[in-house]
Amino acid sequence: MSPDDKKRAAALAALDEITPGALLGVGTGSTVNHFIDALAERGPAIAGAVSSSEASSARLRGYGIAVVSLEQALVGGARLGCYVDGADEIDPGFAMIKGGGGALTREKIVAAAAERFVCIIDDSKRVPVLGAFALPVEVIGMAVPLVTDWARELGAQACIREGFVTDNGHPILDLNGLRIEDPTALEARISLWPGVVTVGLFAARGADVCLTGTDSGVERSVRGG
Ligand code: 5RP
């Protein structure tokens with residue numbers, strides 16, 4: 001089975017995780033694109049989606065699925081029941097590297113508003129230790145030289161993502177060469193650097209459920225389970 005077939009299988013399995021009639025958080029990326037397609041073609045009807053990117057919003061709207069702002073969704077202290085998104089890497093504790101598609105900031109915000117994070121991946125994304133995939137950091141432009149220096153002090157080489165700005169209008173630095181043994185501590189540390197908008201480590205709020213597409217079907221695993 002190809003990696004894309006495995007992504008599609010995981011995305012399809014995520015339909016069973018969502019609550020019919022509810023608002024749903026929707027992430028970004030090729031796996032989520034499969035999820036949006038499946039939702040439109042055979043998913044339960046939902047009240048609407050809170051999207052983490054302009055690209056996902058456009059895809060949802062293309063199918064006639066209502067896109068609701070997060071502010072609207074949270075009126076009266078409500079929370080989203082479920083957020084469905086992919087990942088670039090996920091470790092055994094369900095901490096993730098995300099942001100390969102550049103949507104990390106809105107992804108982290110929408111994920112924080114959800115009771116459950118359902119991660120959909122192919123099996124190449126499961127790793128014993130995070131860091132082989134370059135860690136994305138969304139940065140205010142004027143802070144790029146400083147963040148590059150601080151990354152070097154961590155032992156990482158920061159590379160600007162050429163020709164790319166996020167939906168929020170900022171550049172991304174990709175941090176290469178890290179071996180992330182303590183993702184919660186590193187997320188907290190980088191988040192404190194002045195000029196950092198968001199680091200693509202999702203450890204303080206990791207995944208709750210992981211649906212992994214493999215050659216032998218979709219494996220469902222639960223954090224701590
Ligand atoms: C986008 C993300 C994606 O979830 C991540 O890059 C995985 O993408 P794909 O499903 O295309 O492999 O974090 O910012």
Side-chain angles (χ1 to χ4, degrees), residues 1-15 17 24-39 49-60 70 82-91 94-114 116-127 130-139 159-161 163-176 178 180 183 187 190 196-214 218:
M1 211 187 256
S2 73
D4 197 55
D5 288 338
K6 293 177 188 175
K7 288 181 180 187
R8 190 180 296 106
L12 202 55
L15 295 179
E17 304 285 337
L24 174 68
V26 175
T28 300
S30 59
T31 319
V32 165
N33 284 345
H34 288 310
F35 173 72
I36 294 171
D37 296 348
L39 181 65
V50 177
S51 163
S52 68
S53 65
E54 301 300 332
S56 289
S57 295
R59 199 175 189 95
L60 287 157
L70 186 60
C82 181
Y83 176 67
V84 178
D85 200 357
D88 299 301
E89 287 184 343
I90 183 165
D91 77 5
F94 283 23
M96 296 166 283
I97 287 182
K98 291 185 45 54
L104 61 163
T105 295
R106 296 187 191 191
E107 290 173 343
K108 202 175 263 198
I109 295 168
V110 182
R116 254 170 14 117
F117 188 131
V118 176
C119 179
I120 50 177
I121 51 167
D122 70 85
D123 52 6
S124 69
K125 308 286 185 75
R126 295 198 79 146
V127 297
L130 301 175
F133 190 93
L135 176 64
V137 184
E138 182 169 350
V139 176
C159 298
I160 195 94
R161 202 176 288 184
F164 184 88
V165 287
T166 67
D167 286 348
N168 313 307
H170 303 126
I172 285 189
L173 286 170
D174 289 305
L175 274 47
N176 294 282
L178 290 169
I180 306 172
E187 181 180 17
I190 296 178
V196 166
V197 178
T198 302
V199 57
L201 267 174
F202 286 55
R205 203 281 178 258
D208 300 296
V209 174
C210 186
L211 300 171
T212 308
T214 76
V218 177

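When a ligand or atom number is given, it counts from 1 through the structure's own listing order. Atoms considered below: every heavy atom in the structure, side chains included; atoms not considered: hydrogens, waters and symmetry mates.
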Exercise for the section: Run the numbers for me: atoms of ligand 1, each under 4.0 Å from some heavy atom of Asp85, listed by number. Expected result: 4 (O)

Exercise for the section: Output yes when a side-chain donor or acceptor of Glu17 lies under 3.5 Å from a complementary backbone atom of Val118, and no otherwise. Expected result: no

Problem - Of the listed options Glu138, Lys98, Glu107, Lys125, closest to atom 1 (C) of ligand 1 (non-hydrogen atoms) - result: Glu107

Problem - Asp122 side chain vs Lys6 backbone, donor-acceptor pair below 3.5 Å - result: no

Exercise for the section: Work out which heavy atom in Pro183 is nearest to a heavy atom in Asp91; give both atom names and the distance. Expected result: CG-OD2, 3.7 Å

Problem - Per-atom contacts, ligand 1 versus Thr28 - under 4.0 Å to a heavy atom - result: 1 (C), 2 (C), 3 (C), 4 (O)

Practice task
For atom 6 (O) of ligand 1, grab the closest protein heavy atom and report residue, atom and distance to one decimal in Å.
Solution key: Asp88 OD1, 2.6 Å

Handout entry: Basic-acidic side-chain contact under 4.0 Å: Arg106, Glu54
Key = yes

Exercise for the section: Return the residue, atom name and 0.1 Å-rounded distance of the protein heavy atom closest to atom 9 (P) of ligand 1. Expected result: Ser30 OG, 3.3 Å

Exercise for the section: Check ligand 1 against Lys7 and write out every atom of the ligand that is under 4.0 Å from a heavy-atom position of the residue. Expected result: 9 (P), 11 (O), 12 (O)

Handout entry: Residues Asp5, Arg8: salt bridge by 4.0 Å N-O rule
Key = yes

Completion exercise
Note: ligand 1 atoms sitting under 4.0 Å from heavy atoms of Ala103 are 14 (O)

Fill in the blank from the handout: Of all protein heavy atoms, the one nearest atom 10 (O) of ligand 1 is Thr31 OG1, 2.5 Å

Handout entry: N-O pairing of Lys108 and Glu138 below 4.0 Å
Key = no

Handout entry: Note, Leu211 side chain near Ile121 side chain (heavy atom, < 4.5 Å)
Key = no

Practice task
Measure the shortest side-chain to side-chain distance between Cys119 and Lys125 over non-hydrogen atoms and say whether it is less than 4.5 angstrom.
Solution key: no

Problem - ligand 1 contact by Gly99, heavy-atom criterion under 4.0 angstrom - result: yes

Handout entry: Ser53 and ligand 1 - part of the residue with a heavy-atom distance under 4.0 Å
Key = neither

Completion exercise
For Gly102, the ligand 1 atoms with a heavy-atom partner under 4.0 Å come out as 14 (O)

Handout entry: Atoms in ligand 1 flagged as close to Gly86, the criterion being non-hydrogen separation under 4.0 Å
Key = 4 (O)

